[in-house]
Protein chains: 2
Amino acid sequence: MTTTKRGRPRSFDREAALAQATLLFWQHGYEGTSISDLTGAMGISPPSLYAAFGDKRALFTEVVDRYGGTFGAFMEKALDQESDPRAGFARMLDEAAVSYTSPEHPAGCLVISAATNYSPQTADVERTLRARRVANVRSFEARLRDAEARGSLPEGADTRALAVYFAAVVQGMSQQARDGATTAELRRAAEYAMAAWPEPPARGAGRAPA
Amino acid sequence: MTTTKRGRPRSFDREAALAQATLLFWQHGYEGTSISDLTGAMGISPPSLYAAFGDKRALFTEVVDRYGGTFGAFMEKALDQESDPRAGFARMLDEAAVSYTSPEHPAGCLVISAATNYSPQTADVERTLRARRVANVRSFEARLRDAEARGSLPEGADTRALAVYFAAVVQGMSQQARDGATTAELRRAAEYAMAAWPEPPARGAGRAPA
DNA sequence: GAAGTTCTGTAGCGATGGCTACGCAAATAC
DNA sequence: GTATTTGCGTAGCCATCGCTACAGAACTTC
């Protein structure tokens, strides 16, 4: 029952249409992409879109899922494949720099930029994306705790603040604040961020000040 | 000719109405805020809004300008008032952490979050905000160059990459990519970001690796 | 008072949003 | 072939969008 189905067969490539929809949502965001835009780019008519994907919301969900398995997969891969956590985070950031500026697709991260504008009636869209970002921060935190347990991080390191920090490097302090990070978390993250300041070699080793 | 004008006087407080509009745009973004939302919150009818502010676009411009002079003023102030550049950046980040999470207004930065979703017909809105962010990065860079000249930064420091880095901490690497940062800039910024990783004290001084 | 000017509220304009009814086209089942 | 199933295209529904015409209300000027 894989290939033989009754009725008129679909006349367009569902995967290709999904790829087109991904590019549009990535570029213009959820609200900025209309059904008319989508049907135009996918080369199909509205009824075909609704028959194949449900509604705009379901199509967007499918796009985000697909994105997580393709363009967005480098993060988890980098963190998983490097044995040293520091190398994992370094690779993740470096690959983000490359991916976010690739000319082959819209700039930045779809999850971050596709729904920072949300009207009251699309608040659930925003909730879905926010949940993903929050889960990502938790994932960072768990890995940092694991690094701490393995001695890659000094004991007593504020892994929560470090997790928020790395998320902030990727998503920005502003985005973090909108997603519910507390003042204290952000302030500690900012403190860590200051460690990147290159101390004049004369003064000595570079540790973050209290 | 300050107080005495002919005709029926305005029956609402223009400043208070502007403050309400600021909160709405801050919370929901440009597209996510409708004229109906605005008139409801401002307590006026559409014709009054248009008579007092022009159109939605002009109202938003006025809101952003007002924001820059009030909520957004802490950045320049922190950088200006601290004599040591490092202290200036540290204070700016710390105050951003506080401001972005203040319960007295929407979270995050209005300039960053109010128009990441932009439809083709509102591309000029996005251009305006992007110009402000790009100018901000340039301001960071100039201050870093100044710091370098005064010996607060080691000579040969990549001030451009550092400027992008600080902007990235505030706005996120994703946002930077969407605003036109190059792959190389983002990769170098990510390298600097790694300096925040706390080295185990046993191993020695913490410098970012090449 | 009358005239002139400016703001206010109702009511609605044209355009576009997401979405779908309906009839036809293209396949399988018998 | 006929019947059944499913996708396609036109054409349009209803809601909301930004915005405004119009008439009356509230002021200053004379």
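So you know, we letter chains A, B, ... as the sequences are listed, proteins then strands, and number each from 1. Since we're looking at a predicted model, the values are computed, not measured.
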Problem - Partners meeting side chain to side chain donor-acceptor pair (under 3.5 Å) with A:Ser34 (sequence neighbours left out) - result: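 Only A:Asp37 meet the side chain to side chain donor-acceptor pair (under 3.5 Å) criterion with A:Ser34.
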
Name the atoms and distances for all side-chain donor-acceptor pairs under 3.5 Å in residues 11-19 of chain A, with sequence neighbours left out.
from    : atom 1 : to      : atom 2 : distance (Å)
A:Asp13 : OD1    : A:Glu15 : N      : 3.0
A:Asp13 : OD1    : A:Ala16 : N      : 3.4
A:Arg14 : NH1    : A:Glu62 : OE2    : 2.6
A:Arg14 : NH2    : A:Ala52 : O      : 2.9
A:Arg14 : NH2    : A:Glu62 : OE1    : 3.3
A:Arg14 : NH2    : A:Glu62 : OE2    : 3.2

Handout entry: Qualifying residues under side-chain contact (heavy atoms from CB on, under 4.5 Å), relative to B:Ala51, sequence neighbours excluded
Key =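 Listed in chain order: nothing, the list is empty.
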
Practice task
Determine the contact category for A:Ser45: base if any of its heavy atoms lies under 4.0 Å from a base atom, sugar-phosphate if only primed atoms, P, OP1 or OP2 are that close, otherwise nothing.
Solution key: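 The residue A:Ser45 makes base contact.
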
Problem - Residues in contact with DNA chain C, drawn from residues 17-24 of chain B - heavy-atom cutoff 4.0 Å - result: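 Listed by number, there are none.
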
Show each protein N/O and nucleotides 21-25 of chain D N/O combination with a separation under 3.5 Å, one pair to a line.
from   : atom 1 : to     : atom 2 : distance (Å)
D:dA25 : N3     : B:Arg8 : NH1    : 3.2

Problem - Axis-to-axis angle between the two ends of the helix from C:dG1-D:dC30 to C:dC30-D:dG1 (five base pairs per end, rounded to 10 degrees) - result: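 It works out to 0° between the end axes.
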
Side-chain N,O ([X]) to OP1/OP2 ([N]) below 4.0 Å:
X       : N      : result
B:Ser11 : C:dT8  : yes
B:Tyr50 : D:dT20 : no
B:Ser48 : C:dC7  : no

Handout entry: Within 6.0 angstrom of A:Glu104 CD, more than 12 heavy atoms from elsewhere
Key = no

Handout entry: Passing candidate, side-chain contact (heavy atoms from CB on, under 4.5 Å) with A:Thr33, options A:Val63, A:Leu59, A:Leu38
Key =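 Result for side-chain contact (heavy atoms from CB on, under 4.5 Å) with A:Thr33: A:Leu38.
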
